[in-house]
There are 2 protein chains.
Amino acid sequence: MIKVVVVEDHPIMVEGLKNILRSDAGIELNGDYGDGKSVLQALEKGQPDVILMDVNLPDISGVTLCGEVKKKYEDVKIIALSIHDEQPVIHSMLQNGASGYVLKNALGNEIIRAIYAIMDGEEYLCSSTKEALKNADMELLKAIPRITRREKEILQLIGKGLTTMQIADQLFISTHTVESHRKNLMEKFGVNNTTSVVKLASEYKLL
Amino acid sequence: MIKVVVVEDHPIMVEGLKNILRSDAGIELNGDYGDGKSVLQALEKGQPDVILMDVNLPDISGVTLCGEVKKKYEDVKIIALSIHDEQPVIHSMLQNGASGYVLKNALGNEIIRAIYAIMDGEEYLCSSTKEALKNADMELLKAIPRITRREKEILQLIGKGLTTMQIADQLFISTHTVESHRKNLMEKFGVNNTTSVVKLASEYKLL
DNA sequence: GGGAAAACCCCTGTTTTCCGGGATTTTTTT
DNA sequence: AAAAAAATCCCGGAAAACAGGGGTTTTCCC
């Protein structure tokens with residue numbers, strides 16, 4: 001029996017997943033969790049074979065959670081579940097140790113197939129995911145930039161529509177510093193104006 | 001028996017909803033559809049009592065669909081299902097005739113409760129939705145701005161990081177015109193710089 | 001078909017961001 | 001404790017966005 005754990009914060013979605021998993025005789029559902037913290041706690045007491053993990057969780061990002069789980073329990077396989085088909089999101093999950101990536105608009109049996117595939121040591125991407133990756137040069141695959149706490153803070157204020165001067169005032173720092181952060185953000189996201197940074201950050205759910 | 005139809009493009013979610021609805025004896029599931037077009041077609045041949053409608057559909061926006069359904073079949077009650085708790089999204093759905101708004105992180109029985117409540121002629125908002133509305137002044141409740149085709153086009157180009165001049169070049173219009181659109185967009189969204197416009201538009205899934 | 005609203009277009013001056021450097025002081029991580 | 005990463009600060013010139021004004025042409029609704 002393949003032991004599966006579900007991490008997903010939408011109960012209705014969990015209900016659907018349970019139903020799908022139950023329909024397969026070789027799979028055993030070993031619990032479900034609504035956020036990152038509770039699943040990390042649970043893992044200390046024993047690990048499943050596979051974790052079905054939503055990328056957007058209420059507490060920590062799926063990317064981070066994925067990395068942490070794999071660091072501690074390298075044998076646990078992770079399948080990412082997501083509504084995003086953005087290339088950097090997919091790429092970041094895979095880089096952080098996910099063995100599969102299935103979009104939420106996939107059919108139920110794609111999940112089953114994914115589970116068996118990765119138990120065989122394969123990597124499983126659902127068809128729409130493959131589609132999303134195909135168009136991108138494998139060379140210039142970009143991961144989601146890792147931004148610092150301060151940068152995030154400034155990004156949020158920029159998103160609110162504040163000017164550099166207003167931000168400087170609010171955070172009790174110089175306008176020059178704010179401009180530096182702005183510059184670094186543009187650099188990290190590989191764009192040349194703040195508007196694009198905000199758009200991308202919003203797409204990657206970094207705000 | 002209350003006849004319910006589900007409009008939702010994530011099969012796993014549909015699976016979960018079916019499960020929940022099946023568990024209640026007074027509710028009968030009358031079909032599910034993955035996009036706006038197919039449900040509009042189906043409605044011509046007969047209407048259910050209630051439509052459970054995802055706000056983010058692949059073809060048209062839930063807000064539009066909601067309006068169209070209510071225009072043609074005013075007796076059909078609509079419950080919006082969404083992952084967003086943004087106030088303008090909620091507000092726009094209700095303005096377009098939705099009788100209920102349930103977030104996807106709600107528990108299954110919230111759905112059941114919502115169905116019975118609106119069949120009794122009440123309006124049903126799940127607890128998190130109420131929470132999201134509470135913080136906002138009822139006075140300055142803002143609907144999602146209606147933007148024109150041209151404005152959307154320009155917004156997308158801005159989001160790509162193009163400057164006013166590059167946009168003007170690409171669309172064969174003057175930079176002044178682009179600036180006008182920019183101005184109108186800021187006006188419509190009630191903010192004073194383009195970055196905020198892009199952020200909001202992205203939140204409301206207008207891009 | 002006619003009128004209103006929306007969409008589209010244009011201009012000038014002021015403010016803000018962007019770009020190109022460079023440097024010092026905390027934190028964090030190893 | 002050393003090395004790496006973050007956070008802070010600084011400058012000046014160029015480029016772009018913003019604010020506030022006005023005008024013409026489509027489109028849409030009655």
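This structure is a prediction, so every number in the text was calculated from the model and none was measured. Every chain is numbered from 1, with letters handed out A, B, ... down the list of sequences.
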**Student:** Does dA6(D) have its OP1 or OP2 closer than 4.0 Å to a side-chain nitrogen or oxygen of R146(A)?
**Tutor:**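 True: R146(A) side-chain N/O within range (under 4.0 Å) of dA6(D) OP1/OP2.
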**Student:** Please report, rounded to the nearest Å, how far the P atom of dG20(C) is from the NZ atom of K183(A).
**Tutor:**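 Spelled out: NZ on K183(A) to P on dG20(C) is 9 Å.
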**Student:** What residues in residues 60-73 of chain B put a non-hydrogen atom under 4.0 Å from any atom of DNA chain D?
**Tutor:**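 Heavy-atom cutoff 4.0 Å gives no residues at all.
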**Student:** Five pairs per end, C1' atoms only: what is the angle between the end axes of the helix from dG1(C)-dC30(D) to dT30(C)-dA1(D), to 10 degrees?
**Tutor:**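 Both end axes considered, the difference amounts to 90°.
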**Student:** Judged by each residue's nearest nucleotide on DNA chain C, which is more toward the 5′ side, I147(B) or T163(A)?
**Tutor:**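 It is I147(B) whose nearest nucleotide is closer to the 5' end.
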**Student:** Rounded at 0.5 Å granularity, tell me how far OG in S174(A) sits from CD in E179(A).
**Tutor:**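 With rounding to 0.5 Å, OG (S174(A)) is 8.0 Å from CD (E179(A)).
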**Student:** Tell me: CG of L155(B) to P of dA7(C), nearest whole Å?
**Tutor:**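 In whole Å, dA7(C) P lies 14 Å from L155(B) CG.
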**Student:** Closer than 4.0 Å, any side-chain N/O of R182(A) to the OP1 or OP2 of dT17(C)?
**Tutor:**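 For dT17(C), OP1 or OP2 has a side-chain N or O of R182(A) closer than 4.0 Å.
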**Student:** Is any side-chain N or O of T177(A) closer than 4.0 Å to OP1 or OP2 of dC10(D)?
**Tutor:**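 Answer is no, no contact under 4.0 Å.
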**Student:** Please check if any side-chain donor atom of S202(B) sits under 3.5 Å from a side-chain acceptor atom of S202(A), or the reverse.
**Tutor:**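 Checked: S202(B)/S202(A) side chains pair up, N/O donor to acceptor below 3.5 Å.
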**Student:** Does a side-chain N or O from H176(A) land closer than 4.0 Å to OP1 or OP2 of dC11(D), or not?
**Tutor:**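 So the side chain of H176(A) is within the cut-off, an N or O lying under 4.0 Å from OP1 or OP2 of dC11(D).
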**Student:** Distance criterion of 3.5 Å, no angle test: do you see the side chain of S180(B) paired donor-to-acceptor with the base of dC10(C)?
**Tutor:**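 Present.
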**Student:** From dC19(C), dC18(D), dA16(D), pick the nucleotide closest to the side chain of M186(A)?
**Tutor:**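 For M186(A), the side-chain atoms sit closest to dC19(C).
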**Student:** Counting side-chain heavy atoms from C-beta on, which of dC9(C), dC18(C), dA19(D) comes nearest to I173(B)?
**Tutor:**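 So the nucleotide nearest the side chain must be dC9(C).
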**Student:** Hey, does the side chain of D85(B) reach the backbone of T129(B) with a donor-acceptor pair shorter than 3.5 angstrom?
**Tutor:**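 Side chain of D85(B) to backbone of T129(B): no pair is present.
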**Student:** Just how far is it from atom NE2 of H10(B) to atom CG of L103(A), taken to the nearest 0.5 Å?
**Tutor:**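 Taking NE2 in H10(B) and CG in L103(A), the distance rounds to 9.0 Å.
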**Student:** Give the minimum heavy-atom separation between V76(A) and P48(A), together with the two atoms involved.
**Tutor:**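 It is CG2-O, 3.7 Å.
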**Student:** I'd like to know if the side chain of E123(B) pairs up with that of Y101(B) as donor and acceptor (distance under 3.5 Å, no hydrogens or angles considered).
**Tutor:**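 Side chains of E123(B) and Y101(B): no pair found under 3.5 Å.
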**Student:** Base, sugar-phosphate alone, or nothing: which one does N184(B) contact when heavy atoms must sit under 4.0 Å apart?
**Tutor:**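 Here N184(B) touches no strand at all.
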**Student:** For T175(B) and for R149(B), locate the closest nucleotide of DNA chain C by heavy-atom distance; then report the residue assigned to the nucleotide nearer the 5' terminus.
**Tutor:**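 Per heavy-atom nearest nucleotide, the more 5' residue is R149(B).
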**Student:** For dC8(C), does either OP1 or OP2 sit under 4.0 Å from a side-chain N or O belonging to T148(B)?
**Tutor:**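 So the side-chain polar atoms of T148(B) do come within 4.0 Å of the phosphate oxygens OP1 or OP2 of dC8(C), strictly under.
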**Student:** Give the nucleotide from the list dC9(C), dT8(D), dC18(D) with an atom nearest to the side chain of R150(B).
**Tutor:**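 Among the listed nucleotides, the one closest to the side chain of R150(B) is dC9(C).
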**Student:** Quick check: on DNA chain D, is the nucleotide nearest K188(A) upstream (toward 5') of the one nearest V178(A), or the reverse? Name the residue that is more 5'.
**Tutor:**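 On the 5' side of the pair lies K188(A).
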**Student:** Would you call K71(A) and E68(A) a salt bridge, using N to O less than 4.0 angstrom?
**Tutor:**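 Looking at K71(A) and E68(A), the cut-off is not met.
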**Student:** Considering just the side-chain nitrogens and oxygens of S174(B), establish if one lies under 4.0 Å of OP1 or OP2 belonging to dC9(C).
**Tutor:**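 No.
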**Student:** From CG of L162(A) over to C1' of dT15(C), roughly how many Å is that when rounded to an integer?
**Tutor:**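 So the CG-C1' distance, L162(A) to dT15(C), works out to 16 Å.
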**Student:** Any side-chain N or O of K152(A) under 4.0 Å from OP1/OP2 of dA6(D)?
**Tutor:**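 Result: no.
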**Student:** Nearest whole Å is fine: how far is dT17(C) C1' from N192(B) CG?
**Tutor:**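 Value for this atom pair: 14 Å.
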**Student:** Whole-Å distance between dC11(C) P and H181(B) NE2?
**Tutor:**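 Nearest whole value for this atom pair: 15 Å.
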**Student:** Quick one: which of L107(B), V102(B), I111(B) gives a side chain to side chain contact (heavy atoms under 4.5 Å, CB included) with C126(B)?
**Tutor:**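 Result: among L107(B), V102(B), I111(B), V102(B) is the only option passing the side chain to side chain contact (heavy atoms under 4.5 Å, CB included) with C126(B).
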**Student:** Report yes if some heavy atom in the side chain of N56(B) is under 4.5 Å from a heavy atom in the side chain of I83(A); otherwise report no.
**Tutor:**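 When only atoms from C-beta onward are counted, I83(A) and N56(B) do not touch, as no gap falls below 4.5 Å.
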**Student:** Does the D59(A) side chain pair with the main chain of G36(A), one donor and one acceptor, at a distance under 3.5 Å?
**Tutor:**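 Judged by distance alone, yes, a pair lies under 3.5 Å.
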**Student:** Can you check the M165(B) CE to dA16(D) P distance for me, whole Å?
**Tutor:**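 Those two atoms, CE and P, are 5 Å apart.
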**Student:** What's the CD-P distance between E179(A) and dA6(D), to the nearest Å?
**Tutor:**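 Between P of dA6(D) and CD of E179(A): 21 Å.
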**Student:** Output the rounded distance in Å from CD1 (I158(B)) to P (dA17(D)).
**Tutor:**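 One finds 8 Å between P of dA17(D) and CD1 of I158(B), rounded.
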**Student:** Determine the minimum heavy-atom distance between K70(B) and K77(B), stating which atoms define it.
**Tutor:**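 Closest approach of K70(B) to K77(B), heavy atoms only: NZ-CA, 4.3 Å.
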